[in-house]
Amino acid sequence: MLILCVPPMERTNMMSQLRSLTRCGVVAVLVGVALLSGCGGPDDTKRAEPIARDMHAEPIARDMHSNANIDEVVMTHVDLALKVDFDRQVLSGHVDLTVDIVKPGTTTLVLDTKALDIQRVQRWEGDAWLDTSFNLGAEDEILGQPLNIAIEPSTQRVRVYYETTKDSDGLNWASPEQTFGKAKPLMYSVSQSIYGRTWFPQQDTPALRVTYTADIETPPDMVAKMSASNEPSAVPAAKHHFEMKQPIVPYLIAIAVGDFRFKALSDRSGVYAEPAMLDKAAFEFAETPQMMDIVESLYGPYAWERYDVMVMPPSFPFGGMEHARLSFLSPTVITGKRDLISLTAHELSHSWSGNLVTNRYWSDLWLNEGFTTYVEKRVVEALYGADRADLERASQYQSLQGDLAELSPPEQVLAIDLSGQHPDNVFTDIPYNKGSLFLTTLEKAYGREVFDGFVKQYFADFAWQTITTAQFETYLFENLVDRYPGKLTHDEIREWIHSPGYPAKGYVPTSSAFESIDAQRVAFESGSIGAAQMDTTGWTVEHWKYLFQKLSTSLPAARLDELDAKFGLSASTNLVEVSDWLNYALRANYQPAIDKRLRAYLGEQGRIKLTKPLYQEMIKTPSGIVLARSLLNETRAFLHPIMVWEIETNVFKKAGIPL
Ligand SMILES: [Zn+2]
């Protein structure tokens, strides 16, 4: 155990002095629990492990999705001072970046910016802020504009005064009507993948870790929360201060401001939501403390002190986003039946894979999402039993097969080449489901006990680092494949990581639930039973998803009327089930469901996973294209900018269909 109490301003120098220490085969900077939990606090005894931070140890290669010159100078700490203006829908103020020059002689700091109004730049020299020269480089459609700032060899801090704009896609400004309470507006950030640069100038790459503080000014009746230390309470105020002492990759810096309330789930976990959603959310996420215990028992202590979740408005584009200490969750996972708890398990699991051990570049995302999806299923298994986990894994496999049928071979590779592409293109089933089924294949080959030990050690060895696929591959060979010979060959491992498709020897999960669903489906299709005779007791969204995937698309409308009437499919409040039902209705050209629910559905939630497949289905026919265009225009103002980009780029543009 190494405890160093160091004021933030002195960290940079200390890191330079400690760079020669070595751990886990990489040169590491050892920073004690001072950075984790403050000095002398009650939690110090819980985290005896030092933080290994390889990113300052030696120059790291630049990120193709960032203009930042991280091979020359790196940001190590961020101080935000921002005013949240709901009337103008902008954030304004300044950001201070603490920087560490890693290449002597560097005279320029290059930051990422996009859609920002940069007003003034200063550097801290001696004991004063001095104006310094800066310029914005050429605009790139994906990367934005580099902000080139003149620095001196002695420069350790830089301040940028700026304001966000209407094109700052990392921010969503929900009007009161777009919230559950309908009375107050709400704003939140989403920085993953490269949207952080649209709300503050930074070195916007997962290759780095930073600590941060923030002083946020809001209307006095608002609650602000960030991915930082948060009091387990929600008290409206005009000024809010945050501090994040654990180093995180920049895309995990997040803010939400709205009419939030808090309810504790345990002494280290709770839920934030608008008043109208608070009790429902607390019921839905009540198992979070148990989940924390489960993951800790498998992979070691939770490293972030508190774990809270926050329910976002319906426009939130993801199922969840794993901001450190504070996951943002879509309200679509609140079904009243806890049948989508795998999503909470997923975001929590990121506290180990993703937030503690992070992908170095976006092409390494599978290390993050593959491990997280694997751990998520282990949590589901521990909480709900092997049958449910097997069903979810089998469903994953089905979903992956669907994606493999649609994606080009280069897109099917875990270690994907993203040259010339937006990093959001990596967010397919490949890193999630192919990644986790690769790990499941390893578990089956080496046995659960051995594999659990390997994963636990992997998290410990790479904690607080950002790593590449090549690093993982070497580690996997040394610590599993070569240590237990005769199970899988290097070539088989390389096929998983570097080749398209699903390896012939890959584990194929199955579920006994499929047989029972198939039996009922075949009987319903043949007319030997009606909807009234179908037994759906205990069905989750995975059961319905499987049914709609397999159900004949040429059934007469009257049979589907029967199904809809019996199970209330079009009227369901389970928005995941509705998406699968509407997807089926589009494929089966079942107009009553389309008329009854599709238009309303696309205006009541804005989650990519539930929305994009419906557009992909619509554009398969000429009349569907017309419908898709009109629905996108109708809902555009409600949707998150990332959602709009996804539909425009990865549905219309990808299919060569003009908007
Ligand atoms: Zn994830």
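Whatever order the structure lists ligands and atoms in, that order sets their numbers, starting from 1. Positions are given from 1 along the sequence.
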Ignoring hydrogens and angles, state whether a donor on the side chain of E284 or T335 is under 3.5 Å from an acceptor on the partner side chain. yes

Tell me if the NZ atom of K609 is crowded by more than 12 foreign heavy atoms within 6.0 Å. no

Under 3.5 Å, is there a donor-acceptor pair linking the side chains of R607 and T332? yes

Under a 3.5 Å threshold, yes or no: a donor from one side chain and an acceptor from the other, between Y195 and D424? yes

Residues R388 and E392 bridged, charged N to O under 4.0 Å: yes

No-hydrogen, no-angle side-chain donor-acceptor test under 3.5 Å, H346 and E369: yes

Neighbouring protein N, O or S atoms of the Zn ion (ligand 1) [cut-off: under 2.8 Å, no waters]: H346 NE2, H350 NE2, E369 OE1, E369 OE2

